[in-house]
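Working notes, beginning with the structure itself.
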Amino acid sequence: MKSNTGHRNDQGRVAEEGEEVCGEQLGAMENARKRCQAPSTSKSLMATEDDPYKIDPLIALIDMDCFYVQVELRLEPEWRGKPAIVVQYKTRHKGGGIIALSYEARERGVKRFHHADDAREVCPEVKVFVVPELHGKADLTRYRDAGAEVIRVMKKHFHCVERASVDEAFVDLTKEVKQLLPRYLSKELKLTPEALGSTCIAESHSVEAWLDQLYLKLEEDPEAFVASSVQLNNFALAIGAVLVNDLRQDIINVTEFHCSGGISYSKTLSKLACGLNKPRKQTVLPGNAVGPLFNKTNIIDVRMLGGKLGRSIIENLCISTMGELCKVEVPKLRQYFSEETARWLASLAVGIDNEPVQERDLPKSIGCSKNFLGKEALSTREQVKKWMEHFVSELSVRLKKDQAENNRSASLLTVSITYVKDPFKIKSGQSCSRCAPMTSYDNEAMVYDAFMVADRLLTSLGYRNGRYHYAVINLGISASKMRDGGFTASRIDSYFRGQKKKEVDDSQIFPGNKYSELKVKGRDASKIQLGKAKEVRERKGSITKYLNQASPRKDAQGGQASHHQQQKVRTEHMESKSDTETRLGQLLQATRSQRMGKVRRLFPARFTDEGGTRLGGRQRRRVPQ
DNA sequence: ATTTTGACGCT
DNA sequence: AGCGTCAAA
């Protein structure tokens, strides 16, 4: 039985018009290259005389296993091997909420979304670590710093590393693997199970068998092997697995932290692969395993489909797996989603996301926030100011460290507020944010600016007898728009030039303060009717804006929530479409390159049976030009 | 009533 | 500029 049965059976007829497709594709790739800071991905698709091997992009995701727990266990190693959890705010609701749990704790029935008290009930011996508190709030510095340690090791191995969160990062392995390819093909280096270490192969029981199959094909006909993108891609995948295994071992050596990894052709596939064998394992996801895997993958479990969009796919199309989504034709998708969304989904349904790995190992913003629920809700100026001071105390330390270590300074200070009428009858609060230029890391200046924007907003919503009419249930500040270097005179000058006279009386709350002549930027909330604006959005905006405007189908939405689109950029560098009939044809144009004037691939070879371990089918498909 | 982050797209 | 969505511990 074929390993990809049921997955894309319409691949027979694909693109046929040659030059046109090539032309479009080169244009699309050019766009992709411009956006990608590390152009290795698109370059890798180009076969040249110097570089005869053409492989697909190779992307890994490294994800630390129950990271916060590991960070705590490194500090208190005596708890290693025992069930352990990390909770926030021990003294609050039910002993604090779990934000990380060890695999030992999971085995004993502790669940995410449990609280510390629940965990102790099912597992009395569980070790409970509590997130440090500083300035009256949870302080995650310890985990951020540990995450930075890991990123440093990764940067030592690879140029193109994208910090995706505090504990995970994507790596573009393409360039490194390409460089090694000739040495492995020539047998100077050998792919062995030992070299692959803790590697698993998705949809395969044995790494050994998978490697054996690979080498069997190579021995059989070396020329055919290097000419077959299926074989070459599998081979590259195996090399990638070696590199990632080495990286993971180095991370252990340097940081003591264990992690899992996924190695495949896109962020989406790598992420999915990474989750297949946790903890302390890495998973290779070859092209021919994507179909079978997708047949049992819930749509919700795929990156970017875990929210409203995924739910609306499931409801509208009455399907639940990626395999089913793959069989839905683009026109059908267009009934429910915009043209761009439809195409993006069609790509995603075969594992293609066209998202380059951005070379970025530092966060783009630094912030802190806190919820104030129920009776904790803030309703006086003094309370808000006090918390701004707390936030700034934490933030300024983090900002100054960032400035010293990374030679950059934030230029924008943003205050975020969620407020409600009655904090005891919370449905969903109104969220809003206001910003001010950031021209120094002076605590007093930051407190003043942050408080002023917050107070202006809240006061405009109603203020009487020392209380705001609305209660603040979430408050946060964040620094962003990082610029190289420190603060310069010109930046400060331009800030002062931009100031107008202040309009809010701050003489009592900031007696005699040195900023009293300044006024922060920002709109007057009283004039913009926040509540109403949001209401209008909910009524019409979010529904219509994602619909295909050309074919009105409002009924199909059934009042569903919005379908958030982050795919616009991505679809941009997919082909702009010729007249290919099948969806498959549309997909491959953007994702495959052709060797001009030589072999032209009909479809992404990695998704075919060729090279599958037990198929013994045809070697490769070619279309004579 | 998990909470605290962070990135990014849309308008 | 400000809001919403998605995601990770």
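Keep in mind the model is a prediction, meaning the values are calculated, not measured. Every chain is numbered from 1, with letters handed out A, B, ... down the list of sequences.
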By the 4.0 Å heavy-atom rule, please label [X] as base, sugar-phosphate, or nothing.
| X | value |
| --- | --- |
| A:Phe67 | sugar-phosphate |
| A:Ile99 | base |
| A:Ile366 | sugar-phosphate |
| A:Lys271 | sugar-phosphate |
| A:Ile300 | nothing |
| A:Tyr89 | sugar-phosphate |

Which atom pairs, donor and acceptor, lie under 3.5 Å between side-chain atoms of residues 363-375 of chain A and protein residues at least two apart or in another chain?
{"from": "A:Asn371", "atom 1": "OD1", "to": "A:Asn474", "atom 2": "ND2", "distance (Å)": "2.7"}

- Could you tell me whether A:Lys400 atom NZ has more than 12 heavy atoms of other residues or ligands within 6.0 Å of it?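 Yes, NZ of A:Lys400 has more than 12 neighbouring heavy atoms, counting only those of other groups under 6.0 Å.
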- Task: Tell me which of A:Asn371 and A:Pro363 sits closer to the 5' end of DNA chain B, going by the nucleotide each one is nearest to.
- Result: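 Final value for this comparison: A:Asn371.
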- Residue whose nearest DNA chain B nucleotide is more 5′ - A:Glu376 or A:Arg398: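 Nearer the 5' end of the strand: A:Glu376.
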- Separation of the C1' atoms in C:dA7 and B:dT2, to the nearest angstrom: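 It works out to 15 Å between them.
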- Message: As an exercise, state the distance from SG of A:Cys274 to CG of A:Asp63, rounded to the nearest 0.5 Å.
- Response: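 Between A:Cys274 SG and A:Asp63 CG, I get 4.5 Å after rounding to 0.5 Å.
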- Item | Nearest-0.5 Å distance, CD1 of residue A:Ile417 to CG of residue A:Leu458 |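 If I round to the nearest 0.5 Å, the distance is 4.5 Å.
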Counting side-chain heavy atoms from CB outward, which of [options] is closest to [X]?
| X | options | result |
| --- | --- | --- |
| A:Ser365 | B:dA7, C:dA7, C:dA1 | B:dA7 |
| A:Asp63 | C:dA1, C:dC6, C:dA9 | C:dA9 |
| A:Cys368 | C:dA8, B:dT4, B:dT5 | B:dT5 |
| A:Lys137 | C:dA9, B:dT5, C:dA1 | B:dT5 |
| A:Arg163 | B:dT4, C:dA8, B:dG6 | B:dG6 |

- Query: For residues A:Ser320 and A:Asn298, is any side-chain donor paired with an opposing acceptor at under 3.5 Å?
  - Reply: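 No, A:Asn298 and A:Ser320 have no side-chain donor paired with an acceptor closer than 3.5 Å.
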- Message: Can you say whether a donor on the side chain of A:Arg112 sits under 3.5 Å from an acceptor on the base of C:dA9, or the other way round?
- Response: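 Yes, a donor-acceptor pair under 3.5 Å.
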- Message: Rounded to whole Å, how long is the line connecting atom OH of A:Tyr68 with atom P of B:dT5?
- Response: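 It works out to 9 Å between those atoms.
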- Query: What is the distance, rounded to the nearest whole Å, between atom CG of A:Leu101 and atom P of C:dA8?
  - Reply: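 My rounded result for the distance is 15 Å.
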- Message: Whether A:Lys364 contacts B:dA7 is assessed here as follows: a side-chain N or O lying under 4.0 Å from the phosphate OP1 or OP2. Is that the case?
- Response: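 The answer is no; no side-chain N or O of A:Lys364 sits under 4.0 Å from OP1 or OP2.
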